[in-house]
Amino acid sequence: MTGNLAGTYDVRVTHPTGTLDFGTFTVDENQQISGEGLRRITYRGGWHPTPGGGANVKVTATIPAGTPVDEELKTLEESQRDLEFHLDQEHLAGAKAKSVWLYGFGTSDLFFHRRP
């Protein structure tokens, strides 16, 4: 299944306070990932296929200055965080959530839905 992941993916996040549309991400023919999530956080990176049809994903999240951390706190300056995780075929098909720690959300379940 990971022979060609190129396309556009809508990602939804489920965390303790509910489920939200997280963002839209593009995977190009060169295995590069880019997109913007909630709170104007941008993600850039890539993926590599793994045996068994999965994908190892590594992206850098850029968190802009002024990003809300909670109801009263905001970031003072831009920062970056690296995220690395593995997706199996069920994650890539949108059939199973992937639990990932996300800045501003904590541990969250991500669902990936590839657009036709």
Side-chain angles (χ1 to χ4, degrees):
M1 173 157 189
T2 55
N4 183 6
L5 294 180
T8 301
Y9 294 80
D10 294 314
V11 179
R12 292 184 56 83
V13 61
T14 300
H15 58 99
T17 61
T19 299
L20 302 166
D21 290 326
F22 183 75
T24 301
F25 296 83
T26 301
V27 178
D28 70 19
E29 296 290 338
N30 296 315
Q31 300 177 330
Q32 296 300 298
I33 300 167
S34 63
E36 184 172 294
L38 292 171
R39 301 180 180 157
R40 300 177 304 126
I41 298 172
T42 59
Y43 298 84
R44 304 277 183 272
W47 70 273
H48 299 284
T50 60
N56 283 333
V57 176
K58 182 177 181 179
V59 294
T60 299
T62 301
I63 301 121
T67 299
V69 176
D70 64 20
E71 291 181 17
E72 298 178 17
L73 297 175
K74 294 183 179 188
T75 58
L76 296 177
E77 57 188 37
E78 181 178 287
S79 64
Q80 293 186 328
R81 303 281 189 277
D82 290 332
L83 297 169
E84 291 186 58
F85 52 92
H86 175 77
L87 299 174
D88 63 26
Q89 289 187 18
E90 290 180 282
H91 297 125
L92 294 168
K96 181 170 78 171
K98 177 65 182 179
S99 184
V100 176
W101 188 92
L102 297 172
Y103 182 85
F105 293 96
T107 301
S108 303
D109 291 331
L110 297 178
F111 289 91
F112 299 85
H113 299 281
R114 188 176 189 170
R115 289 185 183 175

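Not measured: the values here are computed from a predicted model.
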Original post:
Do Thr24 and Thr8 come close enough that some side-chain heavy atom pair is under 4.5 Å?
Top reply: yes
Original post:
Is the closest basic N to carboxylate O distance between Arg114 and Asp10 below 4.0 Å?
Top reply: no
Subject >> Heavy-atom pair of closest approach, residues Ala65 and Leu76 >> reply: CB-O, 3.7 Å
Subject >> Derivation of the side chain to side chain contact (heavy atoms under 4.5 Å, CB included) call for Ile63 and Arg81 >> reply: CA-CA 8 Å; Ile63 301 121; Arg81 303 281 189 277; 3.6 Å; yes
**OP:** Show the numbers, then the answer: is there a salt bridge (Lys or Arg N to Asp or Glu O under 4.0 Å) between Asp88 and Lys96?
**Re:** CA-CA 9 Å; Asp88 63 26; Lys96 181 170 78 171; 2.8 Å; yes
Original post:
Quick one: are His113 and Tyr9 in side-chain contact, heavy atoms under 4.5 Å?
Top reply: no
Subject >> Crowding at CG, Leu73 (>12 non-hydrogen neighbours, <6.0 Å) >> reply: yes
Original post:
Any donor and acceptor pair, going by atom type alone, linking the side chain of Asp28 with main-chain N or O of Asn30 inside 3.5 Å?
Top reply: yes
**OP:** Decide whether Thr60 and Asp82 meet the rule of one side-chain donor and one side-chain acceptor closer than 3.5 Å.
**Re:** yes
Original post:
Do Leu92 and Leu5 come close enough that some side-chain heavy atom pair is under 4.5 Å?
Top reply: yes
**OP:** Test Thr62 against Glu78 for side chain to side chain contact (heavy atoms under 4.5 Å, CB included), laying out the working first.
**Re:** CA-CA 7 Å; Thr62 301; Glu78 181 178 287; 3.6 Å; yes
Original post:
Is there a donor in the side chain of Thr19 and an acceptor in the side chain of Thr14, or the other way round, less than 3.5 Å apart?
Top reply: yes
**OP:** Find out whether Trp47 and Val59 are in side-chain contact, i.e. whether some heavy atom of one side chain is under 4.5 Å from a heavy atom of the other.
**Re:** no
Subject >> Inter-residue atom distance His86.NE2 - Glu84.CD, 0.5 Å rounding >> reply: 13.0 Å
Original post:
Any side-chain heavy atom of Ile33 sitting closer than 4.5 Å to one from Arg44?
Top reply: no
Original post:
Is any side-chain heavy atom of Leu87 less than 4.5 Å from a side-chain heavy atom of Phe85?
Top reply: yes
Original post:
Are Leu38 and Val100 in one and the same hydrophobic cluster, where Ile, Leu, Val, Met, Phe, Trp and Tyr link if side-chain heavy atoms are under 4.5 Å apart?
Top reply: yes
**OP:** Any chance you could measure Leu102, atom CG, to Leu110, atom CG, to the nearest 0.5 Å?
**Re:** 5.0 Å
**OP:** State yes or no: do Val11 and Leu20 share one hydrophobic cluster built from I, L, V, M, F, W and Y residues joined by side-chain heavy-atom distances below 4.5 Å, directly or via other members?
**Re:** yes
Subject >> Asn56 side chain to His48 side chain, donor-acceptor N/O pair below 3.5 angstrom >> reply: no
Subject >> Distance, nearest 0.5 Å, that separates OG of Ser99 from NE2 of His91 >> reply: 9.0 Å
Original post:
Does the side chain of Glu36 come under 3.5 Å of the side chain of Thr42 through a donor N or O and an acceptor N or O?
Top reply: no
Original post:
Once the angle between the rings of Phe22 and Tyr43 is folded into 0 to 90°, is it parallel (under 30°), tilted (30 to 60°) or perpendicular (over 60°)?
Top reply: tilted
Original post:
So do Pro49 and Gln31 actually touch side chain to side chain, heavy atoms under 4.5 Å?
Top reply: yes
Original post:
What closest approach, in Å, do Gly94 and Phe111 show between heavy atoms, and which atom pair accounts for it?
Top reply: O-CD2, 4.3 Å
Original post:
Any sub-3.5 Å donor-acceptor pair from Glu77's side-chain atoms to Pro64's backbone N or O?
Top reply: no
**OP:** Spell out, as yes or no, whether a donor-acceptor pair under 3.5 Å connects the side chain of Thr75 to the backbone of Thr67.
**Re:** yes
